[in-house]
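What follows is a short report on a single structure.
So you know, we letter chains A, B, ... as the sequences are listed, proteins then strands, and number each from 1. The shown structure was predicted, so the numbers you read here are calculated from the model rather than taken from an experiment.
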Amino acid sequence: CHALTTLMGRGGHVIIRFALGGCTNRPFFRIVAANSRRARDGKYLEQLGCLDPLPNAHGEKVAGLNLERLRYWLGCGAQLSRPAEKLLGLAGFLPLHPMTVTGAERLRRRRQREQQTEAAPADGSAETGTDTGTGTGTGP
Amino acid sequence: MAPRGSLLLLALLLLSCALPHARGQHWSHGWYPGGKRDLRTPSDLPAWGPRAVPARGRKTRHDPPAKSKVGRVKMPPPVDPEELLVVQERYRQYRLVLSALRAEFRAEVLQKKREERLIAEGLPEELEEHRRLMAWNEEENGRQRARREERLRREEEEQKRRKSEIAEKQARKMEAFLEEKEKEVLQLQEEAKNFITPENLEARIEECLDNPRNYNFAIDKDGRVVKRTVLS
């Protein structure tokens with residue numbers, strides 16, 4: 001595998017992460033295998049793909065991955081950053097990340113709770129309206 | 001004249017410095033017009049929304065905390081224990097799969113390196129040999145697996161049979177036990193008819209007194225009861 005030249009002293013490992021590029025209000029990520037002690041946007045070993053975080057005209061977020069080289073680097077013992085793990089999980093290359101599932105569950109539960117709270121006041125107001133209507137109707 | 005003139009100048013200076021403060025503004029709120037205080041009600045801009053001007057104060061991170069924060073205790077965010085258990089289990093399985101994938105990829109990389117090395121050394125026969133041996137190894141593995149599965153299946157059946165036998169034995173024992181107990185109970189019930197109860201007491205006493213029994217008898221060497229002796 002790649003002989004890791006130490007930057008200063010000892011330490012540092014290969015890591016697959018996102019390097020941010022682009023312009024103001026227009027981010028763009030490159031999926032990159034780099035030494036962990038390099039700057040985020042600094043010199044990397046190899047680019048393994050890219051990700052456009054903003055949805056396109058069809059509402060899709062487009063990402064490109066070089067799976068062959070990914071396998072090579074993972075076989076060489078590269079680590080993954082959490083966003084990279086999540087992206088690969090969604091892509092199907094790795095299993096789905098636990099926090100993706102947990103996040104989805106939490107969102108669903110929150111939406112259900114909001115729906116219920118919306119329904120309850122709506123029902124309450126509707127009931128009070130009907131009650132007052134019937135009361136006044138049956139009254140003198 | 002000169003000191004009075006200078007005094008007048010001083011007074012004018014002070015006035016000019018005080019005048020801006022009459023507007024009632026503060027630099028952290030932004031200067032009017034257009035600053036943070038500019039006719040902005042809390043309703044049309046929520047507190048957590050993005051601000052036109054950043055909310056950073058005048059202090060750096062090296063300044064000590066304020067007096068109002070002296071008694072402040074920072075608590076960690078609340079954690080739902082059920083969710084935590086579920087999430088930990090998910091993480092465990094995820095890491096298991098991930099390490100297995102890494103091992104596979106590592107094997108691939110090593111294989112490729114070996115092949116390249118062999119090709120570089122110019123020995124295709126060795127490559128062929130290696131591949132043949134690997135195939136043979138796979139075959140052997142397959143056979144061993146079949147045998148192992150067979151053995152495991154047989155052992156499982158054996159175990160099941162033994163378990164069923166034990167269960168049967170247990171059932172039989174329980175039945176026998178129950179039968180014994182039933183018999184004892186019936187016997188007791190029967191004997192209960194002969195018991196002496198407070199109601200029977202007087203009757204039984206009368207009966208015993210009416211029928212005196214003689215327990216004086218002799219036994220010869222064979223164990224038979226001898227009611228009649230030579231003397232009588």
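No donor-acceptor pair closer than 3.5 Å links the side chain of A:Arg71 to the backbone N or O of B:Val109.
Between B:Tyr94 and A:Glu85 there is a side-chain heavy-atom pair separated by less than 4.5 Å. Counting only heavy atoms from C-beta outward, the side chains of B:Leu101 and A:Leu74 never approach each other to under 4.5 Å.
At a 4.5 Å heavy-atom cutoff, A:Leu70 makes no contact with chain B through either its backbone or its side chain. Contact annotation for B:Glu83: only side-chain heavy atoms (C-beta onward) come within less than 4.5 Å of a heavy atom of chain A.
At most 12 heavy atoms of other shown residues, nucleotides or ligands fall within 6.0 angstrom of atom CD in B:Glu82. Atom CZ of B:Phe195 sits in a crowded spot, with more than 12 heavy atoms from other residues, nucleotides or ligands closer than 6.0 Å. Residue A:Arg26 places its CZ atom among more than 12 non-hydrogen atoms of other residues, nucleotides or ligands, all under 6.0 Å distant. Around CZ of A:Arg108, the count of heavy atoms belonging to other residues, nucleotides or ligands within 6.0 Å does not exceed 12.
Look at B:Arg90 and A:Glu105 and you find a salt bridge, because one of the NZ, NE, NH1 or NH2 atoms lies within 4.0 Å of a carboxylate O, short of that distance.
Once rounded to the nearest 0.5 Å, the distance linking NZ of B:Lys112 with OH of A:Tyr72 reads 9.0 Å. Atom SG of A:Cys76 is separated from atom CZ of B:Arg102 by 11.5 Å, given to the nearest 0.5 angstrom.
When every heavy atom of A:Pro95 is checked against every heavy atom of B:Val97, the shortest pair comes out as CG-CG1, 3.6 Å.
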